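Structure record follows, encoded as structure tokens.
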Amino acid sequence: MSLEKFGYEEAKIKEITKNQKILSELEKLLGEVQVGELDKTQRAILHQFATLLAKRKDAGEVSTALVVENVVNGGIKTNLQIDAAFKYVVAHPDVDQETLAAEAGIGVHVGEEDVRRKVVEYIESNKSKIEEQRYKLVPGIMADVKKMPELKWAEPRLFKPIIDEEILKAIGPKDERDVVKKQPKAKKNAKKDDSGDKSSDSKGEKRTMFTEGFLGDLHKVGENPQAYPELMAEHLKATGGKVHTRFPPEPNGYLHIGHSKAIMVNFGYAKYHDGVCYLRFDDTNPEAEAPEYFESIKRMVSWLGFKPWKVTYSSDYFDKLYELAEVLIKNGKGYVCHCTAEEIKRGRGIKEDGTPGGERHACKHRDQSVEKNLEEFRAMRDGKYKPGEAILRMKQNLESPSPQMWDLIAYRVLNAPHPRTGTKWKIYPTYDFTHCLVDSFENITHSLCTTEFYLSRESYEWLCDQVHVFRPAQREYGRLNITGTVLSKRKIAKLVDEHFVRGWDDPRLFTLEAIRRRGVPPGAILSFINTLGVTTSTTNIQVVRFESAIRKYLEDSTPRLMMILDPIEVVVENLPEDYEELVTIPYRAGTKEFGDRNVPFTNKFYIERADFSENTEDKEFFRLTPNQPVGLIKVPYTVSFKSVEKDADGKITRIHVKYDNEDKPVKPRTYIQWVPISKKYNSPVRVSETRVYNQLFKSENPSAHPDGYLKDINPESEVIYDKSVIEHNFDHVIKNSPWVVDSVKNSEFYVKEDKSGKEICRFQAMRVGYFTLDKESTDDKIILNRIVSLKDNTK
């Protein structure tokens, strides 16, 4: 058949004829088409259809006539539609037009205006995030919009130009904030490590997050420029040329998983370069601070394995900060403003609907004399004004395109005693005034923060220069987010206050306190963050990926035990009451360091209720049935069904079996776990509550739920079993927790844990998951938390 007759060009024909399978399929399709009937798009779609047919594994006949007809008449006009049509006809021998139309979007018209409307809606609902991260989000916007069900059948060519146009309208043209620095190419002589990965540099040094990407490209101590070069000499003298970083949390809430990255970046970078890191509390808002937050933050930094060089507080420098505020005023760069919050917004060009872009104008107090501003500022200090009646603002540059230069607030009046300074101060400095100056006081060499503070870099450097102090170098990296949950303090507080969860440390949350209580080892978190690396892009990680990293870490560091969630008693009829047969089981197969344990096989034991079925017809059920024996882990012989006992409701209460030790051993279809019943060995250990945790929310983005994130809560996020049993070796495992073998102890991110914490008592329950003791456990009441499930293919 001549492809030219159907309009295929010479170059395309050459490409097609290179693959005889595709050519053969295409010729079959064209056999149903009149010569000259196809346009360019239709020819391309039929070629795509032929390619799909040629690559399918099943060589059976496929009904293609109706698909070809819809291509010719214009019903199928995109590759997306032909892909869907292909999947339908391959799976269904009997093809009908109505079903084909539904499956392949035939007759569905999604035009340019439909796409534009959904793009505009998306941008409006994600406006703050887009304004913060700008053009870096465009690929993600493209992916999210394409996934919208309403746009499933839109032509792909429509998306990019419309998104580009609407983003331009929303945030303006690209500028220096959108320039992405190219990563240097890997060296050709990079050496491979033992695993075969190129994870060492040319000197044989291990590559980590501190040598690659964002952190690997940071300046050396002393390389950051200064408006006053003499200040650098003083700085180098104070630091001795060593890296100085800081982790500066606000003590107004509990830390979450995102903070673990900030902790590791700041403490880890300093440690890697033999420097020091401060834990500095940014305690400039006494209205929101509480002692419990200070203590929790200290506890979480220590839990992750880091020890601050010094613990400091912004409030340590209140006197010095006040002095510099007066210096700012005397230099003509600070003024006291009495405008309302609404007046300040209008002056900054914020429209009534809350959007920026309006005309900016100077505050009416901006040109007050230095003397007047000093008088007013001291009056603020002495309690003359109530909150909201007066603020100190920086006189910056209202013509700048950056909002961070539009006369930021430096001091405000707060009628609140401070946890550390008491009632000494009536005024408190803002973050924008405090942060850069305290960085300077502490001679921070690398002020590392997340990208939402990118615009703050200009005001950060401006203020240091205006008051003539050393200018640290602020550099910004992408934050870590976990999808499928909420991290906002306000949203978590609502979950806690309305009793959807047990508290701020509920194991379903992603506060660090909750993650610790759930039993996640700190080393697993550090290893996970290291695998992600540090770049300038925000890292959005699915919960399943985080759990996979935890599972991988626990695989090497936890002993195994047999545990039954929903037990049913089994009686072995042909064994005497005092029968005992010790079987030896390794705590972790393949790891001799864990050692072995003995488990007594007796005439009574428990199995999982789900491991027995009265249905003898289910060929996919490999465990115990009335006509199918089953193996017990490490027990020499199988057991065979004899009878069952049931209660008045028909529920099975006990199973009777025979131990097949009189017959030649046979290999069963599968082995199941079991827990012996033995007074001699104090078996089983009974668990008061086994809390099996699943994801708290049903969707990946609970905040996007049309009725609010509380409506997205998964009712199965916590499943409690109150009759679980464990083999008696549980006591030995708990007494020797945490179990640390050399492979874990010698790993780069191993963290030695406090042995007083119950969360270190981890073990793997065979076929069930990884568990730990909950903090509510006592000697008389065992409560277990599931840390993470097993892999799907784990037996």
Side-chain angles (χ1 to χ4, degrees), residues 226-231 234 284-285 314-349 359-415 418 421 424-441 455-472:
Q226 297 293 312
Y228 306 101
E230 70 275 9
L231 295 174
E234 297 173 11
T284 58
N285 184 10
S314 292
S315 56
D316 293 340
Y317 307 99
F318 276 175
D319 290 315
K320 199 169 182 179
L321 289 167
Y322 178 83
E323 291 172 9
L324 288 184
E326 289 210 351
V327 169
L328 189 70
I329 294 170
K330 292 172 183 176
N331 289 342
K333 295 297 181 178
Y335 64 96
V336 174
C337 165
H338 298 281
C339 295
T340 64
E342 288 303 315
E343 289 172 330
I344 292 172
K345 285 183 181 178
R346 286 197 294 271
R348 287 167 159 259
E359 184 179 350
R360 295 191 294 276
H361 59 267
C363 165
K364 58 189 175 184
H365 309 100
R366 198 172 196 259
D367 294 326
Q368 290 172 163
S369 67
V370 168
E371 292 73 23
K372 177 66 173 176
N373 284 318
L374 278 174
E375 179 186 341
E376 287 286 87
F377 185 52
R378 290 167 182 169
M380 286 173 59
R381 176 198 63 191
D382 296 338
K384 177 180 177 181
Y385 295 110
K386 295 178 182 178
E389 291 182 346
I391 54 174
L392 177 67
R393 296 179 68 180
M394 307 179 217
K395 189 186 289 187
Q396 296 170 290
N397 178 10
L398 295 174
E399 301 302 317
S400 169
S402 170
Q404 284 297 117
M405 294 301 290
W406 298 346
D407 290 12
L408 296 175
I409 298 171
Y411 267 84
R412 73 280 201 211
V413 178
L414 293 177
N415 281 341
H418 191 280
T421 61
K424 177 180 178 180
W425 294 96
K426 302 290 190 297
I427 57 173
Y428 293 94
T430 62
Y431 171 90
D432 289 307
F433 186 81
T434 306
H435 189 66
C436 60
L437 297 181
V438 176
D439 275 354
S440 181
F441 301 157
L455 291 179
S456 298
R457 190 195 294 191
E458 185 177 358
S459 58
Y460 180 107
E461 295 179 351
W462 177 89
L463 181 55
C464 289
D465 293 344
Q466 298 307 314
V467 295
H468 203 287
V469 297
F470 166 74
R471 182 206 293 172

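All figures in this text were calculated on a predicted structure; none of them were measured in a lab.
Between Tyr317 atom OH and Leu437 atom CG the span is 12.0 Å, to the nearest 0.5 Å. A distance of 9.0 Å separates SG of Cys339 from CZ of Arg346, quoted to the nearest 0.5 Å. In this structure, CZ in Phe470 is found 10.5 Å from CD in Glu234, a value given to the nearest 0.5 Å. Taken to the nearest 0.5 Å, the NE2 atom of His338 stands 6.0 Å off from the CD atom of Gln368. Once rounded to the nearest 0.5 Å, the distance linking OH of Tyr335 with SG of Cys363 reads 4.5 Å. Rounding to the nearest 0.5 angstrom, the gap separating the SG atom in Cys464 from the CG atom in Leu324 is 9.5 Å.
Applying the side-chain hydrogen bond (donor to acceptor under 3.5 Å, both in side chains) rule to Gln466 yields no partners; only residues at least two apart in sequence or on another chain are considered. Ala325 is linked by a side-chain contact (heavy atoms from CB on, under 4.5 Å) to Phe377, Leu392, Tyr411, Phe433, counting only residues two or more places apart in sequence or in another chain. Legend: residues meeting side-chain contact (heavy atoms from CB on, under 4.5 Å) with Glu389, ordered by chain and number and at least two apart, are Tyr385, Lys386. Taking the side-chain hydrogen bond (donor to acceptor under 3.5 Å, both in side chains) definition, one finds that Thr284 meets it with nothing, sequence neighbours left out. Residues that satisfy the side-chain contact (heavy atoms from CB on, under 4.5 Å) test with Glu458, not counting sequence neighbours, are Ser400, Ser402, Met405. Arg457 meets the salt bridge (Lys or Arg N to Asp or Glu O under 4.0 Å) test with Glu476; sequence neighbours excluded. Evaluation of the salt bridge (Lys or Arg N to Asp or Glu O under 4.0 Å) rule for Asp465 yields Arg471 as partners, not counting sequence neighbours. For Ser440, the side-chain hydrogen bond (donor to acceptor under 3.5 Å, both in side chains) test picks out no residue, with sequence neighbours left out. Every side-chain contact (heavy atoms from CB on, under 4.5 Å) that Lys424 has, sequence neighbours left out, goes to Asp319. Scanning for side-chain hydrogen bond (donor to acceptor under 3.5 Å, both in side chains) contacts around His418 gives Asp283, with sequence neighbours left out.
Residues Val413 and Ala390 come closest through the heavy atom pair CG2-O, 3.8 Å. Scanning all heavy atoms of the two residues, the minimum distance from Leu321 to Ser314 falls at CD1-O, 4.2 Å. Contact between Leu408 and Gln396 at its shortest, heavy atoms only, is N-OE1, 2.8 Å. For the residue pair His435 and Tyr460, the shortest heavy atom distance occurs at CD2-CE1, 3.9 Å. When every heavy atom of Leu463 is checked against every heavy atom of Asp432, the shortest pair comes out as CD2-O, 3.8 Å. Summarising the geometry of Pro403 relative to Pro401, their closest heavy-atom pair is CD-O, 3.6 Å, with the distance given to 0.1 Å.
Looking at heavy atoms from C-beta onward, Leu374 lies in side-chain contact with Lys330 at the 4.5 angstrom threshold.
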Next on the checklist: Could you walk me through whether Ile344 and Arg348 satisfy the side chain to side chain contact (heavy atoms under 4.5 Å, CB included) test, starting with their C-alpha distance in whole Å, then the side-chain angles of each, then the deciding distance to 0.1 Å, before giving a yes or no?
Outcome noted: CA-CA 6 Å; Ile344 292 172; Arg348 287 167 159 259; 4.0 Å; yes
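Heavy atoms of other residues, nucleotides or ligands lying less than 6.0 angstrom from NZ of Lys345 number 12 at most. Other residues, nucleotides and ligands contribute only 12 or fewer heavy atoms inside 6.0 Å of the CD atom of Glu359.
Applying the salt bridge (charged side-chain N to carboxylate O under 4.0 Å, His left out) test to pairs two or more places apart or on separate chains, none has a residue in residues 391-400. Under the salt bridge (charged side-chain N to carboxylate O under 4.0 Å, His left out) criterion, the residue pairs touching residues 362-382 are Glu326-Arg378, Arg366-Asp407, with sequence neighbours excluded.
Between the side chain of Arg412 and the backbone N or O of Tyr428, at least one donor-acceptor pair lies under 3.5 Å.
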